[in-house]
*Asks:* 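First the structure, which I've put down as structure tokens, then a few questions once you've had a look.
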Amino acid sequence: MSEDSQRIADFRVHLVPAVLALGNPPWQRDVWLNPSSFENLDHIFHTLFDDFCDADHPEHYLGISLRTEEEVSLMRQLGVALNASAAEAPNDADAEYMQASAWPEVVAVAGRLAQVMVANDLSELATLLQAKSSDEPPHEK
């Protein structure tokens, strides 16, 4: 695996679960609204806007944590929807975000982005496995 491929994989280990969480309302209610849970929406915002991407300017992360232009476009849409939800959450509480009028758009865009990211990761994995198997010597019988 190349150094670039390893870096993308390392970033996506954090990024993909954050996007999946945004696309899953039952999980959001079970985890983010549970006061005993460690994970919250703040973690998701840091993952998407600070630590492993910049949802306001995702084009800077093409080839770093995003694989395709389609992912860049969807991440930008997700950033817009998240910012719209934030504007409706004056106390920055997870429940406020989830009740915002923009939240259904967050869930919808995150669902589309998650599907694209997982499909792209599986395609990359299949390519890596195929390359590895073609490098192996034939098995002796």
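Counting begins at 1 with the first residue of the sequence. FYI, side chains are in, hydrogens and waters are out, and symmetry mates aren't considered; it's all heavy atoms of this structure.
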*Asks:* Keeping E96 on the side-chain end and A93 on the backbone end, is there a donor-acceptor pair under 3.5 Å?
*Replies:*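 Yes: the side chain of E96 pairs with the backbone of A93.
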
*Asks:* I would like to know whether R12 and E71 meet salt bridge (Lys or Arg N to Asp or Glu O under 4.0 Å); could you show each step before the answer?
*Replies:* CA-CA 12 Å; R12 287 173 79 94; E71 289 182 3; 2.7 Å; yes

*Asks:* Can you check whether S123's main-chain N or O pairs, donor with acceptor, with T127's side chain at less than 3.5 Å?
*Replies:*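 Confirmed, T127 side chain pairs with S123 backbone.
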
*Asks:* Using a 4.5 Å cut-off on heavy atoms from C-beta on, say whether the side chain of C53 contacts that of T47.
*Replies:*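 Heavy-atom side-chain distance check fails, nothing below 4.5 Å.
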
*Asks:* In terms of hydrophobic clustering (I, L, V, M, F, W, Y; side-chain heavy atoms under 4.5 Å; direct or indirect links), are L66 and V80 co-clustered?
*Replies:*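 Unlinked, L66 and V80 end up in two clusters.
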
*Asks:* Given 3.5 Å as the limit, does a donor-acceptor pair link the side chain of S85 with the main chain of A81, or not?
*Replies:*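 Here the side-chain-to-backbone pair exists.
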
*Asks:* What about V16 and I44, same hydrophobic cluster or not, with Ile/Leu/Val/Met/Phe/Trp/Tyr joined at side-chain heavy-atom distances under 4.5 Å?
*Replies:*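 Per the 4.5 Å side-chain linkage, V16 and I44 are co-clustered.
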
*Asks:* Given side-chain hydrogen bond (donor to acceptor under 3.5 Å, both in side chains), test Q6 with D10 step by step and report yes or no.
*Replies:* CA-CA 6 Å; Q6 185 63 54; D10 290 345; 2.8 Å; yes

*Asks:* Could you report the tightest heavy-atom contact between Y61 and F11, atom names first, then the distance?
*Replies:*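 So the two residues come closest at CE2-CE2, 4.4 Å.
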
*Asks:* In this structure, would L74 and L122 fall into the same cluster of hydrophobic residues linked by side-chain contacts under 4.5 Å?
*Replies:*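 Shared cluster, yes.
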
*Asks:* Hey, is the main chain of V109 close enough, under 3.5 Å, to the side chain of Q77 for a donor-acceptor pair?
*Replies:*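 Not at all, since once roles are kept as given, no pair shorter than 3.5 Å links the two residues.
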
*Asks:* Please report the interatomic distance CH2(W103) to CE(M98), rounded to the nearest 0.5 Å.
*Replies:*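 Result: 7.0 Å between the selected atoms.
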
*Asks:* With sequence neighbours excluded, tell me which residues meet ring-ring contact (aromatic ring centres under 6.0 Å, His included) with Y97.
*Replies:*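 Listed in chain order: F45.
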
*Asks:* Spell out, as yes or no, whether a donor-acceptor pair under 3.5 Å connects the side chain of N24 to the backbone of L20.
*Replies:*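 No, because the side chain of N24 does not come within donor-acceptor range (under 3.5 Å) of the backbone of L20.
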
*Asks:* Which atoms form the tightest heavy-atom contact between E69 and L62, and what is the distance?
*Replies:*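 For E69 and L62, the tightest heavy-atom pair comes out as OE2-CD2, 3.2 Å.
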
*Asks:* Taking the side chain as C-beta and beyond, is there a heavy-atom pair between L78 and E105 under 4.5 Å?
*Replies:*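 No, side chains not in contact.
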
*Asks:* What heavy-atom pair brings F49 and G79 nearest, and what distance separates the two atoms?
*Replies:*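 Closest approach of F49 to G79, heavy atoms only: CZ-CA, 3.9 Å.
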
*Asks:* How about E70: does its CD atom have over 12 heavy atoms from other parts shown lying under 6.0 Å from it?
*Replies:*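 Counting other residues, nucleotides and ligands, CD of E70 stays at 12 neighbours or fewer.
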
*Asks:* Could you state whether V13 and L113 fall into the same hydrophobic cluster, counting links through intermediate Ile, Leu, Val, Met, Phe, Trp or Tyr residues with side-chain heavy atoms under 4.5 angstrom apart?
*Replies:*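 No: no chain of side-chain contacts under 4.5 Å links V13 to L113.
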
*Asks:* Is there a side-chain contact between V19 and M117 in this structure, where contact means two heavy atoms from C-beta onward sitting under 4.5 Å apart?
*Replies:*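 Yes, side chains in contact.
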
*Asks:* With a 3.5 Å distance limit and no angle check, can you tell me whether Q28 reaches the backbone of L22 through a side-chain donor-acceptor pair?
*Replies:*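 Pair found, side chain donor or acceptor close to backbone of L22.
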
*Asks:* Testing the basics here: between S101 and P104, what is the closest heavy-atom pair and its distance to 0.1 Å?
*Replies:*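 Between these two residues, the closest heavy atoms are O-CD, 3.4 Å.
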
*Asks:* Just by modelled atom types, is the H43 backbone N or O under 3.5 Å from a matching donor or acceptor in the N40 side chain?
*Replies:*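 Confirmed, N40 side chain pairs with H43 backbone.
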
*Asks:* With heavy-atom distances below 4.5 Å as the criterion, would you say the side chains of D121 and L125 are in contact?
*Replies:*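 The answer is no; the side chains never approach within 4.5 Å.
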
*Asks:* Side-chain contact test, heavy atoms from C-beta onward, threshold under 4.5 Å: evaluate it for M75 versus L48 and give yes or no.
*Replies:*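 M75 vs L48: side chains touch.
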
*Asks:* Determine yes or no for a side-chain-to-main-chain donor-acceptor pair under 3.5 angstrom, with D94 supplying the side chain and L41 the backbone.
*Replies:*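 Side chain of D94 to backbone of L41, a donor-acceptor pair under 3.5 Å: yes, one is there.
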
*Asks:* Check whether any side-chain heavy atom of E59 sits under 4.5 Å from a side-chain heavy atom of R76, and report yes or no.
*Replies:*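 Yes, at least one pair of side-chain atoms sits under 4.5 Å.
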
*Asks:* Could you grab the distance from atom CD1 of I8 to atom CD of E3, nearest 0.5 Å is fine?
*Replies:*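 CD of E3 is found 12.0 Å from CD1 of I8.
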
*Asks:* Not counting sequence neighbours, which residues clear side chain to side chain contact (heavy atoms under 4.5 Å, CB included) with D4? List them please.
*Replies:*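 Applying side chain to side chain contact (heavy atoms under 4.5 Å, CB included) to D4 gives S2, R7.
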
